[in-house]
There are 2 protein chains.
Amino acid sequence: MATRWLDDEEQATWRSFIAVVELLPGVLDTQMRHESGLTHFDYLVLAMLSEDPQRTLRMTALAGWTNATLPRLSHVVRRLEGRGLVERFPCPEDARATNARLTDRGWDTLVAAAPGHVETVRGQVFDALTPEQVGQLAGIAQAILGRISPGGRPLSPGAGPVSPGQRGTAEAVTTGPAPA
Amino acid sequence: MATRWLDDEEQATWRSFIAVVELLPGVLDTQMRHESGLTHFDYLVLAMLSEDPQRTLRMTALAGWTNATLPRLSHVVRRLEGRGLVERFPCPEDARATNARLTDRGWDTLVAAAPGHVETVRGQVFDALTPEQVGQLAGIAQAILGRISPGGRPLSPGAGPVSPGQRGTAEAVTTGPAPA
DNA sequence: ACCCTTCAGTTGACGCTACAACATTCGCCC
DNA sequence: GGGCGAATGTTGTAGCGTCAACTGAAGGGT
């Protein structure tokens with residue numbers, strides 16, 4: 001079957017899009033590293049843990065929320081544990097599994113890093129878009145995600161069956177509101 | 001000044017978008033490596049060179065077209081040269097500069113790799129989008145690029161002052177039509 | 001009870017990228 | 001025409017991610 005090449009509009013779109021995809025991680029990483037000594041991925045790991053009421057997740061679950069492979073996560077968590085931001089302990093219910101928990105120090109680091117991160121996200125992405133484009137981007141990202149990520153999960157770890165009052169100081173710190 | 005956190009819609013959009021940004025490079029890389037033994041970035045380098053009438057570009061220009069830092073490009077081109085896909089020679093007009101030229105073997109490799117790449121781009125991205133969304137994505141990507149890339153250049157190396165007849169077999173092979 | 005498959009996670013080796021230091025050349029100004 | 005800052009690349013190092021191999025435990029069938 002003959003290759004269906006991209007037409008001019010698709011071609012132009014692809015070039016811009018791929019440029020964003022290649023450059024954005026670097027931008028986020030650089031800001032994060034300079035202001036907080038973390039990788040953007042480190043930040044993601046801490047943020048996902050922070051959204052769980054117990055600040056604890058199993059490695060596989062954490063890998064899912066952060067869109068990472070298990071080996072990658074394992075290496076990162078080991079390094080984070082070495083810095084005292086996270087601690088690991090075997091899961092009581094399944095001896096195969098490992099739980100990762102955010103330490104107080106990890107929490108503080110995350111809270112300190114969040115404002116700078118949000119500012120970057122706003123400044124480099126959302127401020128460049130109209131409200132209408134934000135809605136469009138959501139739809140586009142979801143659509144692509146449906147293809148490249150089999151069991152796409154756009155939700156958050158804390159979004160499960162958790163009574164609202166339980167959140168308390170454990171409120172999420174991704175790019176949302178910080179705790180009081 | 002108080003941090004302006006992301007509202008719910010922005011938050012949800014960001015999560016999906018960042019997931020795409022983190023996952024897409026891996027998808028492109030994996031396909032490329034399995035089918036052609038190239039990195040996606042390798043492919044980009046070869047493709048950009050292929051669009052020049054002389055199949056030759058200066059390192060700095062090539063770095064610009066591929067959105068790469070100069071050190072990164074230097075390493076990649078050295079490896080590509082070792083595989084005989086590219087050759088380097090000093091620029092006659094400026095003794096500081098280095099020219100990179102696509103070899104015949106590099107051209108063949110690129111042409112062989114292009115169909116699989118385009119199929120992946122179609123299958124994983126464009127097939128998931130409506131024609132309307134493609135237009136939206138172009139605008140969004142351009143807008144973000146304007147922020148994260150100072151001197152954003154969405155054009156191609158061959159788009160300069162070149163008489164059409166000059167292209168011949170040197171027609172571009174990025175995600176567009178291949179040579180006859 | 002036993003085996004076999006699958007699941008959960010870790011580890012080690014290799015490759016690629018960012019960062020910083022360096023060498024060389026150009027352009028300019030006086 | 002000599003010196004100085006900027007531009008063009010290259011190289012070395014360190015850090016991170018991927019891949020494949022491995023350990024150990026759970027689940028299921030017979």
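Labels below follow one simple rule: chain letters A, B, ... track the order of the sequence lines, proteins then strands, and each chain is numbered from 1.
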Interatomic distance where [atom1] belongs to [X] and [atom2] belongs to [N] [whole Å]:
X: B:Glu93; N: C:dG27; atom1: CD; atom2: P; answer: 11 Å
X: B:His40; N: C:dG15; atom1: NE2; atom2: C1'; answer: 18 Å
X: A:Asn99; N: C:dA8; atom1: CG; atom2: C1'; answer: 12 Å
X: B:Glu22; N: D:dC16; atom1: CD; atom2: P; answer: 15 Å
X: B:Asp42; N: C:dT17; atom1: CG; atom2: C1'; answer: 13 Å
X: B:Leu23; N: D:dG17; atom1: CG; atom2: P; answer: 14 Å
X: A:Leu70; N: D:dG17; atom1: CG; atom2: P; answer: 14 Å
X: B:Leu80; N: C:dG15; atom1: CG; atom2: C1'; answer: 14 Å

* **Where A:Thr3 and B:Pro115 come nearest, the two heavy atoms and their spacing** =>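 For A:Thr3 and B:Pro115, the tightest heavy-atom pair comes out as OG1-CB, 3.3 Å.
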* **Between CD on residue A:Gln54 and CG on residue A:Leu49, distance to nearest 0.5 Å** =>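 With rounding to 0.5 Å, CD (A:Gln54) is 12.0 Å from CG (A:Leu49).
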* Asked: What distance separates B:Thr98 OG1 from B:Leu62 CG, expressed to the nearest 0.5 Å?
  ->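 Rounded to the nearest 0.5 Å, the OG1-CG separation comes to 11.5 Å.
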* Asked: Any idea how A:His40 and A:Tyr43 line up, ring-wise: parallel (<30°), tilted (30 to 60°), or perpendicular (>60°)?
  ->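 Ring orientation of A:His40 relative to A:Tyr43: parallel.
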Between the protein and nucleotides 18-23 of chain D, which nitrogen or oxygen pairs are less than 3.5 angstrom apart?
unit_1	atom_1	unit_2	atom_2	d
D:dT18	OP2	A:Thr69	OG1	3.4

* Asked: Between B:Asp94 and A:Ser74, which is nearer to the 5' end of DNA chain C once each is assigned its nearest nucleotide?
  ->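 Residue closer to the 5' terminus by nearest nucleotide: A:Ser74.
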* Using the ring of A:Phe126 (Phe, Tyr or Trp, six-membered ring only), decide whether B:Arg147 places NZ or CZ under 6.0 Å from its centre and within 45 degrees of its axis. =>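 The answer is no; the distance or angle limit is not met.
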* Asked: Given the rule in the side-chain hydrogen bond (donor to acceptor under 3.5 Å, both in side chains) test, do A:Thr103 and A:Glu87 qualify, once you have shown the distances and angles that lead to the verdict?
  -> CA-CA 7 Å; A:Thr103 64; A:Glu87 54 190 2; over 6 Å; no
* Which listed nucleotide (D:dT10, C:dT10, D:dC16) is nearest to the side chain of A:Arg88? ->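 Selected nucleotide: C:dT10.
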* Asked: Does a side-chain N or O from B:Arg96 land closer than 4.0 Å to OP1 or OP2 of C:dG27, or not?
  ->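 Checking C:dG27 against B:Arg96, no side-chain N or O comes under 4.0 Å of OP1 or OP2.
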* Would you say A:Arg79 reaches D:dG17's phosphate, i.e. side-chain N/O to OP1/OP2 under 4.0 Å? ->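 Looking at the OP1 and OP2 atoms of D:dG17, one of them is under 4.0 Å from a side-chain N or O of A:Arg79.
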* **Side chain B:Arg101, main chain B:Val86, donor-acceptor under 3.5 Å** =>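 No: the side chain of B:Arg101 does not pair with the backbone of B:Val86.
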